[in-house]
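Worksheet: the structure to be examined is printed underneath.
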Amino acid sequence: MITESTLTAPQTSSASQAAPNEIAVRNPRTGKTIYTFREPTDQEIQQSFERARAAFGTIRAMTVRERLEEIGKIKRYFLANKEKIVDRIVEETGKARTDALVSEVFAILDIIHYYQKNAEKVLGDQVVSTPLLQFPKKSKIYYEPIGTVLIISPWNFPLNLALVPIVTAFTAGNSVVFKPSEWTPLCGLIEEIVEESGFMKEAITVVYGGKDVGRKLIDQRPAKILFTGSTRAGRQIMEQAAKYLIPVELELGGKDPMVVFDDVDVERAAKAAAWGGMMNCGQTCTSVERIIVQEGVYPEFVAALKRRIEKLSHAGACEGKADEGNLDVGCITADFQVKIVEEQIKDAKAKGAEVFSAGTHTEGSHAIPPTMITNVDKSMKVLQDETFGPVVTVEKFKTEDEAVAMANDSPYGLSGSVWSQDLVRAERVARRIETGSLSINNVLATQGNPGLPFGGTKDSGFGRYKGPLGLQGFSNPKSVLIDHTKKPEVYWYPYSKEKYHLFSRLLDAIYGGSPFWVLKAALIGLKMESLAKKKRK
Ligand code: NAD
């Protein structure tokens, strides 16, 4: 494995097929092959599932506390080895070192910490109140493990989007088969973490390969699929899963709006927009992509954002310099993503947009400089499609209604933000924007709280991971009603005309709105009881 300490001329890279079943993994900054790996045979895929299924019995029998002790080993390993882990991530993704530390290592530690504090309560039996008519029975929900689950992840946060769902599924009592992206498989890293930390080995099985391997894994009929990736692939996965009735959770693309009202601190909002749009080189599903600014502060905001973007250090301008955590914007990871971003910028320019970039870009280079595009319209790809690169558009609005309409004018509905000092207005607008999460006077902030569920609406997918819903999403919530009484129920057989009549009166008593409904229902109940007794005789 090659480790990179300096930034060299960025070239193209590709997770191309080097030979049948061989995939080359390249460093996006240098274009050099780091290693190649072989995709598994059908038999190996089947064996992976068999191993994971065999492990499920053991994990299921463990208490939540015992599972938390296991994930605690990963936490300790991360704390002791964070630099080594960051090196691996940076090498395969080309991202800035600080992005790797904060959005991958930090995020994983944070979720483990959250589960250590909350998982026992969240996964513990939940007592539910029982209606008066079922007195004195008791009602409960057991959160039970579901089996061997399949997690498929993309290349933009290769360790975060692997381990966060893996530890979630494991804490809820499941074994996991995990398929990383063929672009950033981090081959051997999860195995090394498991081996060296002493974490329960059989709980995680990593299967490396491209989308065909993903399809074959789905054919193994996992108990659930958590897929993070593109909307296009999400559709295909759901279609295949439907054949076997496998439940799916889809965490898909986004085109997140940032709505800025004219009462904000413009400098702070511009600073947030620069970070929210360029962090991880814009390759974040919840990146700020469409900035919508109220007309009164539009010129001021555009000028401030331009100044912010100009100041950013980026991979293209830092050639040959070591990234010791001081590089702001790293590289685009995948070849095809470079082309998508270039094409959107070209299309916008051709249609009359104004493009401001913090540097020059050589076609094909993975180091795309931070870019702001103004004077945009709906005919442009940059406003329609997910960009997933260091590019933001800025548009103008007049009224609150117009801002909401513009924010919602997208097939996606992942996240976004609303900026106003008037918090009543900000919350009103936040409720009207169709997304799975939303930050007020901040960007990408909801993800910083592991207690908040994460997921999208519309073409951004469905299902929630993280927070209590995340753990419960990897569980079968089994409803249980416990009857301590010894008598047969009045509504059991035999049916009769009188019983029917009493039931009809009972409905009127309960739902008819009478303030004395409890008394009326009790009297009818007694009549039913005596009728049932007579019948029993
Ligand atoms: P992708 O959909 O091309 O691939 C994601 C993963 O799915 C890879 O491991 C790939 O091999 C696999 N795959 C693709 N097609 C498959 C199929 N038919 N069957 C089984 N597996 C298949 O996505 P990508 O290019 O790796 O990632 C970028 C996308 O991910 C962006 O759209 C981004 O917004 C999205 N994303 C979403 C979230 C979120 O939480 N909502 C987070 C990160 C990234």
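Whatever order the structure lists ligands and atoms in, that order sets their numbers, starting from 1.
Two rings, from Tyr115 and Phe170, have their centers 6.0 Å or more apart.
A donor atom on one side chain and an acceptor atom on the other are found under 3.5 Å apart for Ser357 and Thr371. Using a 3.5 Å distance cut-off with no hydrogens or angles, the side chains of Lys32 and Asn27 do not pair a donor with an acceptor.
Residue-environment remark: NZ (Lys84) exceeds the threshold of 12 foreign heavy atoms within 6.0 Å.
Of the possible polar contacts, one joining the Asn408 side chain to the Glu434 backbone as a donor-acceptor pair under 3.5 Å is found. Judged purely by atom type and a 3.5 angstrom limit, Thr284 has no side-chain atom pairing as donor or acceptor with the backbone of Thr286.
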For ligand 1, output the ligand-protein N/O contacts shorter than 3.5 angstrom; if there are none, return none.
residue	atom	partner	partner atom	Å
ligand 1	2 (O)	Ser230	N	2.8
ligand 1	2 (O)	Ser230	OG	2.6
ligand 1	9 (O)	Ser153	O	2.8
ligand 1	9 (O)	Lys179	NZ	2.9
ligand 1	11 (O)	Lys179	NZ	2.8
ligand 1	11 (O)	Glu182	OE1	2.7
ligand 1	18 (N)	Gln236	OE1	2.8
ligand 1	23 (O)	Ser230	N	3.4
ligand 1	25 (O)	Trp155	NE1	2.9
ligand 1	26 (O)	Trp155	NE1	3.2
ligand 1	30 (O)	Gly229	O	3.3
ligand 1	32 (O)	Glu386	OE1	2.6
ligand 1	34 (O)	Glu386	OE2	2.5
ligand 1	41 (N)	Leu252	N	3.3
ligand 1	41 (N)	Leu252	O	2.7

